[in-house]
Amino acid sequence: MKNVVLIGIGLIGGSMVKDLKKLHPETTIIGVDKNPDHINQALASQLIDEKGDINVVKQADVVILSIPVDASVKMLPEILDLIQDDALVIDVGSTKQDICKAVEQHPNRRNYLAAHPIAGTEFSGPQAAINDLFRGKTNIICDVEKTAFKLQEKALSIFADLGMRIRYMNPESHDKHIAYVSHLSHISSFMLGKTVIEKERNERDIFDMAGSGFASTVRLAKSSPDMWTPIFKQNKSNVIETLEEYITNLNQFKKLLELDDFEAIFNEMKNTNRIKDILKGIA
Ligand code: NAP
């Protein structure tokens, strides 16, 4: 792996190249980003070795595309137009249906591998990049059979370097399931944050009372709207379905409180405690 081109020098792509550079110091990391400050920060911190524009993909062995999902859908076909015959292009976006569809008929479709590493923090930009972000985490690969076999092997060896476990799925299933376990959690955190901020306008003391439960539940509300708006746009129908189910549960809980049915409230929480076993070894 001589040249790795990273498009989008932020949390996810930045963390990937940080680990790859540590393991393969001989590899040159070339960074492309629309934000000149991020390029300068990444050069200064040696996260990347060189900067470039879209045309550097012509000399890439591996391209990692790590920008908001709406921008990826537009840029991926342009990248596939430019690359060498044996180059591997990996995208790490949080939605998979639109991007897989966008290059379905592209003559170089076999150079592309659709991935979604299930790892992250609420921070963004090159300074958010950390080592070992992906160790022990799951990476979902979609439509693997559409990628050339040799390039599948190359991608798997990169993911093994990062310490990731692999799951295979089709893009439709990915987007449906991820709406529940990721997209709904973000909406619920954003709206919890909103509810409390609105209350705080009248009662300035409220944040003095906020404990670690509030902080951990609202952590995701620090996430970047630039990244999340296109995710909700692309996965709108699945997200609406999850929200309808969530709102039904919230209304049901409210109704039980109004009815003073504390036995039912107890049972609701007791049943949901099963999440401890379900998440054992994950969180
Ligand atoms: P990030 O930290 O904000 O990094 C993205 C970088 O790309 C920023 O420097 C951004 O600049 C730049 N950028 C935006 N649009 C661009 C464009 N059209 N061309 C070139 N550069 C562009 O984002 P991230 O959290 O790493 O997310 C990257 C991808 O990973 C997204 O597709 C996301 O869905 C996926 N993902 C994220 C997570 C997570 O938890 N964060 C987890 C798994 C997958 P500006 O900041 O100036 O816009």
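Read the numbers this way: they start at 1 and go in the same order the structure lists the ligands and their atoms. Being a predicted model, the structure only gives us computed values, none of them experimental.
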When the side chains of residues 38-50 are checked against the rest of the protein, which donor-acceptor pairs come out under 3.5 Å, sequence neighbours left out?
from : atom 1 : to  : atom 2 : distance (Å)
N40  : ND2    : P36 : O      : 3.4
S45  : OG     : Q41 : O      : 3.0
S45  : OG     : A42 : O      : 3.4
D49  : OD1    : K21 : NZ     : 3.3
D49  : OD2    : K21 : NZ     : 2.9
D49  : OD2    : I29 : N      : 2.8

Subject >> side-chain contact (heavy atoms from CB on, under 4.5 Å), paired with F253, selected from L250, N249, L257 >> reply: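 Among L250, N249, L257, the one meeting side-chain contact (heavy atoms from CB on, under 4.5 Å) with F253 is L257.
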Original post:
Any salt bridge between D19 and R135, counting N to O under 4.0 Å?
Top reply: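 No salt bridge links D19 with R135.
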**OP:** Would you please name every residue forming a ring pair (Phe, Tyr, Trp, His ring centres under 6.0 Å) with F232, sequence neighbours left out?
**Re:**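 With neighbours one apart ignored, the set is W228.
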Original post:
Other than V5, what residues sit in its cluster of Ile, Leu, Val, Met, Phe, Trp and Tyr side chains whose heavy atoms are under 4.5 Å apart, directly or through others?
Top reply: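 Listed partners: I7, I30, V32, I54, V56, V57, V63, L65, I67, V73, M75, L76, I79, L80, L82, I83, V89, I99, V103, Y112.
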Original post:
Heavy atoms under 4.0 Å from ligand 1: which residues qualify?
Top reply: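 Under the 4.0 Å cut-off, ligand 1 touches G8, I9, G10, L11, I12, D33, K34, N35, H38, S66, I67, P68, V69, A71, M75, V92, G93, S94, H116, P117, A119, G120, T121, S124, G125, M227, I231.
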Original post:
Within the side chain of T229, is there an N or O that forms a donor-acceptor pair under 3.5 Å with the backbone of D226?
Top reply: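 Side chain of T229 to backbone of D226, a donor-acceptor pair under 3.5 Å: no, none is there.
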